[in-house]
Participant: 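Let me give you the structure first, and then I'll get to my questions.
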Amino acid sequence: IVWHCGNLDQREYELTAYIAGQAGIALTDHLAQPGSVSEYRNGRQVKNYLGTLALYGFSARVYHYLFTDGKLNPRNEQIVFFLKSKISQMTSPFSESTRRNKLRIAQVTATDSHIAPFTDFPCVMDLMDFLKYIKSRLNVKADVLEFRRQSLENLSKGPGDLASKVFSLPMSPNYFFNQLGRRVRTLITEQGYEYTGVYDVGR
């Protein structure tokens, strides 16, 4: 399960993060609403956060979560919820044909006209009401929760990008951004630094 988050206010964000943690739900944001959910919350890493899912690309964690051996996982094995989103072209790298035929899609929006024609599970209601409803009925089976959490944990165990770990002159962009990420992580987790996100679309 992936929750693709639009413009969440603070209360919505807190409740979304809580439910995701309790139910093993993966979280993504997009370029139209960067930082609607983020990698860090209250100085700690959010293990459920996969990164960006958007028209111009998506993070490696998102790719490895939704795809296996270069192919989108079977339609009956995953579902993407668009929360407070019109599912515009910018919010997703998937074509309309892919969204219609290869993805199960749920959409939560307070505006009926924003429901996309290919949405499998439309939900026209205020997001906070939706989140409260879900929280009050959380009852994920232990084996299902363990499977979801293990799936998220396994994303961090891959070999990663070798170029980001090897220093060279001139310095590669991969190495630079890896070092920058490590520095920002230290500032957040050890010095209370507040951070939302950086997007370099051109690269």
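FYI, the numbering just counts along the sequence from 1.
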Participant: Could you give the side-chain donor-acceptor pairs of residues 117-132 under 3.5 Å, partners two or more places apart or in another chain?
Facilitator:
| residue | atom | partner | partner atom | Å |
| --- | --- | --- | --- | --- |
| Thr119 | OG1 | Gln107 | OE1 | 2.9 |
| Thr119 | OG1 | Ala116 | O | 3.2 |
| Asp120 | OD1 | Arg75 | NH2 | 2.7 |
| Asp120 | OD2 | Arg75 | NH2 | 3.1 |
| Asp120 | OD2 | Ile105 | N | 2.8 |
| Asp126 | OD2 | Met128 | N | 3.0 |
| Asp126 | OD2 | Asp129 | N | 3.4 |

Participant: If we only count heavy atoms from C-beta on, is the Val46 to Tyr40 side-chain gap below 4.5 Å?
Facilitator: no
Participant: Taking the side chain as every heavy atom from C-beta outward, state whether Phe81 and Val2 have any pair of such atoms under 4.5 Å apart.
Facilitator: no
Participant: Under the rule for salt bridge (charged side-chain N to carboxylate O under 4.0 Å, His left out), what residues qualify as partners of Lys47, not counting sequence neighbours?
Facilitator: none
Participant: Using the test side-chain hydrogen bond (donor to acceptor under 3.5 Å, both in side chains), find all partners of Thr186 that sit at least two apart in sequence or belong to another chain.
Facilitator: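 Per chain and number, Thr186 pairs via side-chain hydrogen bond (donor to acceptor under 3.5 Å, both in side chains) with no residue.
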Participant: Under a single-linkage rule joining Ile, Leu, Val, Met, Phe, Trp and Tyr whose side-chain heavy atoms are separated by less than 4.5 Å, which residues share a cluster with Phe147?
Facilitator: none
Participant: Can you list every salt bridge (charged side-chain N to carboxylate O under 4.0 Å, His left out) pair that touches residues 169-185, not counting sequence neighbours?
Facilitator: none
Participant: Partners of Thr28 by side-chain hydrogen bond (donor to acceptor under 3.5 Å, both in side chains), sequence neighbours excluded?
Facilitator: His4
Participant: With Ser136, which residues qualify under side chain to side chain contact (heavy atoms under 4.5 Å, CB included), at least two apart?
Facilitator: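 Partners of Ser136 under the side chain to side chain contact (heavy atoms under 4.5 Å, CB included) test: none.
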Participant: Not counting sequence neighbours, which residues clear side chain to side chain contact (heavy atoms under 4.5 Å, CB included) with Pro170? List them please.
Facilitator: none
Participant: Taking only residues two or more places apart in sequence or in another chain, which ones pass side chain to side chain contact (heavy atoms under 4.5 Å, CB included) with Lys141?
Facilitator: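 Result, side chain to side chain contact (heavy atoms under 4.5 Å, CB included) vs Lys141: Asp143, Val144.
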Participant: Using side-chain hydrogen bond (donor to acceptor under 3.5 Å, both in side chains) as the criterion, list what pairs up with Gln22, not counting sequence neighbours.
Facilitator: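 side-chain hydrogen bond (donor to acceptor under 3.5 Å, both in side chains) list for Gln22, sorted by chain: empty.
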Participant: With sequence neighbours left out, what residues match Arg148 under salt bridge (charged side-chain N to carboxylate O under 4.0 Å, His left out)?
Facilitator: none
Participant: Once salt bridge (charged side-chain N to carboxylate O under 4.0 Å, His left out) is applied, what residue pairs with a partner in residues 13-26 remain, sequence neighbours excluded?
Facilitator: Glu14-Arg41
